[in-house]
Amino acid sequence: MSLTQINQVMEAASSAFEKFKKLTQAKRAAFLQAIAAGLENAGDNLVEIASSETNLPLPRLRGEMARTCFQLRMFAGLIEDGHWVEAIIDHAKPDKNPPAPDIRRMRIPIGPVVVFGASNFPFAYSTAGGDTASALAAGCPVVIKQHPAHGQTSLAVFKIMEQAAKLTGMPENVVQHVEDKGFETGKMLVQHPATASVGFTGSFNGGMALQAYSQERKHPIPVFAEMGSTNPVLLLPGALAADWAGIAQKFAVSITMSMGQFCTNPGLIFGIESPDLDQFIESLAIELQSFSPSAMLHTGIEKAYFEKTATALRQKGVEVQFSGKTGSEVPEVCIARINAADFLANPLVQEEIFGPWSLVVVCKDATEMVDCRNALAGQLTTTLMATEQDMNDFPFLIDAALNHSGRVVFNGVPTGVEVCGAMVHGGPYPACTDSRFSAVGPTAIQRWTRPVCWQNAPTQILPPELQEENPAGIRRLVNGNWQ
């Protein structure tokens, strides 16, 4: 797209913002509900288009469609409830020395948001996904940059959103769709003066490029990029001794689910050297023999997976434990092992490989295990397979997990991100560009808002959420007390 075309798109979004932000929460909620209904009505057609573009199976896509509609309705309910604005009122205190003014605070939308679609989730993290749903809920128009890996799916979803906007009387251009595949288009969108924020789910290189574009602006803006993770797993001795076979079965499923194309795929597994760990590795290899590989999302991801696994397997100390069919052109699951000393000495083997890959790191003891965990940068998740006695014996491993992760999983697998209020899908850099926010769940709306306070404002100036009579009927913190 040309700069002139980008200007037209972003100026239209800016114009829509002035109207959209003034709509009632109920009207915005009706818009989100209409999108969900439209997606459900077109569900079979949409999942077939997506499957043809992404190689993802129909059952997986139907589940993702259901999640997408759930997210839209969740945000509709959130904004109708109204508590999300976090209204706070501190009344004037004329008797205080010096007198204290009347101060009222709440969150307001920040402006047009550019959302970049994710390749591995054509519905839930793309056109009408969580970033878009939460931004619209906040009162921010959205410009969607489609992912080229599922362009037809993105366009079909957008048309449903556009129709929902018309049916519910939304401002013109409250959602827009950009189909250009060029990197320069993405840069121009991020750097346009009307863009207030950016949402992105994808690779580290892609997220950091967008972050760099934002910082080059005269007025930098926040980029909320979720950039993946190796999602380390800590196998503790008691848990392995109790059920190494069951743990191997769980992780065989987790590693291979959807060809390992999840940002929460368990790419590193740490254990303390023992016969039980050897049994776990052997059992994991046996479980994987029944895995049937398939084509990955697109040729770029396949190429990167082949190249990165080949490079990793050439590193000192890396030994293949299972690698599927020799000579197959279809990407295969690959499990390898390495000792902790070689792992700590080579940052390359600590990096994420996107696909059905996992590296088992054999440690001498728990101290070496925590050294390996602490050598890693920020993560979306850390998983501990541990008995109660393990947790009592190795509390420092739990501390290490909490220090460097957005979500700590106990005796489960990291794949599968529940959409709920308590979820944190984020983590310290480089998992995300801002660990203070979650990309999943109702709190994701906070990314597209900022707090503002009104001091000694006349009643007619105040938004309903802050007026004394509380016409919005929401929960507020008034003079330090919830009401």
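These numbers come from the heavy atoms of this one structure, side chains and all, not from hydrogens, waters or symmetry mates.
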[X] atom [atom1], over 12 foreign heavy atoms within 6.0 Å:
X: R450; atom1: CZ; result: no
X: F183; atom1: CZ; result: no
X: E388; atom1: CD; result: no

Taking C-beta and beyond as the side chain, do [X] and [Y] meet within less than 4.5 Å on heavy atoms?
X: F270; Y: L376; answer: yes
X: W244; Y: L284; answer: no
X: K303; Y: T299; answer: no

Given 3.5 Å as the limit, does a donor-acceptor pair link the side chain of [X] with the main chain of [Y], or not?
X: H150; Y: A118; value: yes
X: N231; Y: T382; value: no
X: D390; Y: G238; value: yes
X: S203; Y: G206; value: yes
X: R28; Y: A137; value: yes
X: D81; Y: G77; value: no
X: S229; Y: Q379; value: no

Can you tell whether the side chains of D180 and K145 come within less than 4.0 Å, N to carboxylate O?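 Not counted as a salt bridge, because no side-chain N and carboxylate O are separated by less than 4.0 Å.
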Would you call R337 and D342 a salt bridge, using N to O less than 4.0 angstrom?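 No, R337 and D342 are not salt-bridged.
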Between the side chains of [X] and [Y], is a donor N or O closer than 3.5 angstrom to an acceptor N or O?
X: Q211; Y: T433; value: no
X: Q152; Y: E53; value: no
X: W448; Y: S134; value: yes
X: R107; Y: Q446; value: no
X: S405; Y: R373; value: yes
X: Q146; Y: T127; value: no
X: Q315; Y: N346; value: yes

Without placing hydrogens or testing angles, list every side-chain donor-acceptor pair under 3.5 Å for residues 411-419, not counting sequence neighbours.
{"from": "N411", "atom 1": "OD1", "to": "A386", "atom 2": "N", "distance (Å)": "2.8"}
{"from": "N411", "atom 1": "ND2", "to": "A386", "atom 2": "O", "distance (Å)": "2.9"}
{"from": "T415", "atom 1": "OG1", "to": "S254", "atom 2": "OG", "distance (Å)": "2.8"}

Could you point out which residue of Q71, R67, E64 forms a side-chain hydrogen bond (donor to acceptor under 3.5 Å, both in side chains) with Y125?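 Single side-chain hydrogen bond (donor to acceptor under 3.5 Å, both in side chains) partner of Y125 among Q71, R67, E64: R67.
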[X] side, atom [atom1]; [Y] side, atom [atom2] - distance, nearest 0.5 Å:
X: F280; Y: D243; atom1: CZ; atom2: CG; value: 11.0 Å
X: H147; Y: S126; atom1: NE2; atom2: OG; value: 7.5 Å
X: I286; Y: Q249; atom1: CD1; atom2: CD; value: 12.0 Å

Lys NZ or Arg CZ of R60 over F123 ring: under 6.0 Å, within 45°: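 Checked: cation-pi criterion not met.
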Where do H177 and S154 land on the side-chain contact (heavy atoms from CB on, under 4.5 Å) test, with the steps shown first? CA-CA 9 Å; H177 191 255; S154 184; 2.7 Å; yes
Are F437 and F224 near enough that their ring centres are under 6.0 Å apart?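 Centroid separation for F437 and F224: below 6.0 Å.
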Of the options I221, V113, V143, which is the one that meets T195 in a side chain to side chain contact (heavy atoms under 4.5 Å, CB included)?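 Testing T195 for a side chain to side chain contact (heavy atoms under 4.5 Å, CB included) against I221, V113, V143 leaves exactly one candidate, I221.
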